[in-house]
Amino acid sequence: MQPELLTFQCGEELFALPINVVREIRGWQKPRKMPDAPKHLLGLVMLRESPMPVIDLGWRLGLGRTAIDVTTVVIVVQQGDGPMLGLVVDAVADVVQPSDSQLKPPPPMGKRLAMGAVKGVMAVNDDLLLMLDVEHLFDLDEIFSIVDSALAKEESPSCP
């Protein structure tokens, strides 16, 4: 039996994450921008007195910037004891538990199209659901290096 999946919309596409990496779902909160950050890294929000990076998942997946409206949410994910990361998506949809026969491995797409971020594919009605692998979506070391650098600049005295 496959793990339960949280399904959500990015643009018109349906994606899923294993529920065991989802810590919570929060409403939209405008993050504080960070200098020199990649475009998909929207900035930081405070989560339980700690800064948490917030990523525009649609932008990261090449689907365009997520339009902020009343259904926009931030899915807080965490791998093991690692740091938490907020993923901005258009809306959450449902929790599903596919059978072993429903969730298939992604097809080989050649060297030019990296499919490492897609861990599984499942037919849903007339559409396909792509199960994402958070570890392969982001360079977490790069993200937290940018966060640490930005926070260090804020703590140091300003230049004349």
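These numbers come from the heavy atoms of this one structure, side chains and all, not from hydrogens, waters or symmetry mates.
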Could you check Phe15 against Leu61 for side chain to side chain contact (heavy atoms under 4.5 Å, CB included), going step by step and ending with a plain yes or no?
-> CA-CA 11 Å; Phe15 295 96; Leu61 295 172; 3.7 Å; yes

In this structure, are over 12 heavy atoms from other groups packed under 6.0 Å from Asp100 atom CG?
-> yes

Has Asp69 got more than 12 heavy atoms of other residues, nucleotides or ligands less than 6.0 Å from its CG?
-> yes

Do [X] and [Y] belong to the same hydrophobic cluster, where Ile, Leu, Val, Met, Phe, Trp and Tyr are linked whenever their side-chain heavy atoms lie under 4.5 Å apart, directly or via other members?
X: Val121; Y: Leu5; value: no
X: Leu57; Y: Met34; value: yes
X: Met52; Y: Ile55; value: no
X: Met122; Y: Met131; value: yes
X: Leu41; Y: Leu87; value: yes

Compare all side-chain heavy atoms of [X] with those of [Y] and state whether any distance is below 4.5 angstrom.
X: Leu17; Y: Phe8; value: yes
X: Leu47; Y: Gln29; value: no
X: Pro83; Y: Gln78; value: no

So, does [X] use its side chain to make a donor-acceptor pair with the main chain of [Y] at under 3.5 Å?
X: Thr72; Y: Ala67; result: yes
X: Asp56; Y: His40; result: no
X: Glu13; Y: Cys10; result: no

Mind listing the closest non-hydrogen atom pair of [X] and [Y] along with its distance?
X: Pro18; Y: Leu132; answer: CD-O, 3.8 Å
X: Lys39; Y: Trp59; answer: CB-NE1, 3.1 Å
X: Val118; Y: Pro106; answer: O-CG, 3.3 Å

Show the numbers, then the answer: is there a side chain to side chain contact (heavy atoms under 4.5 Å, CB included) between Lys119 and His136?
-> CA-CA 9 Å; Lys119 204 171 185 176; His136 287 92; over 6 Å; no

I need the [X] [atom1] to [Y] [atom2] distance, nearest 0.5 Å.
X: Arg23; Y: Met84; atom1: CZ; atom2: CE; value: 7.5 Å
X: Leu42; Y: Ile68; atom1: CG; atom2: CD1; value: 7.0 Å
X: Gln9; Y: Asp90; atom1: CD; atom2: CG; value: 7.5 Å
X: Lys104; Y: Gln102; atom1: NZ; atom2: CD; value: 9.0 Å

Looking just at side-chain N and O atoms, do Asp94 and Thr7 make a donor-acceptor pair shorter than 3.5 Å?
-> no

Pick one: which of Val22, Val89, Asn20, Val21 meets side-chain contact (heavy atoms from CB on, under 4.5 Å) with Leu6?
->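 Of the listed options, the one satisfying the test is Val22.
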
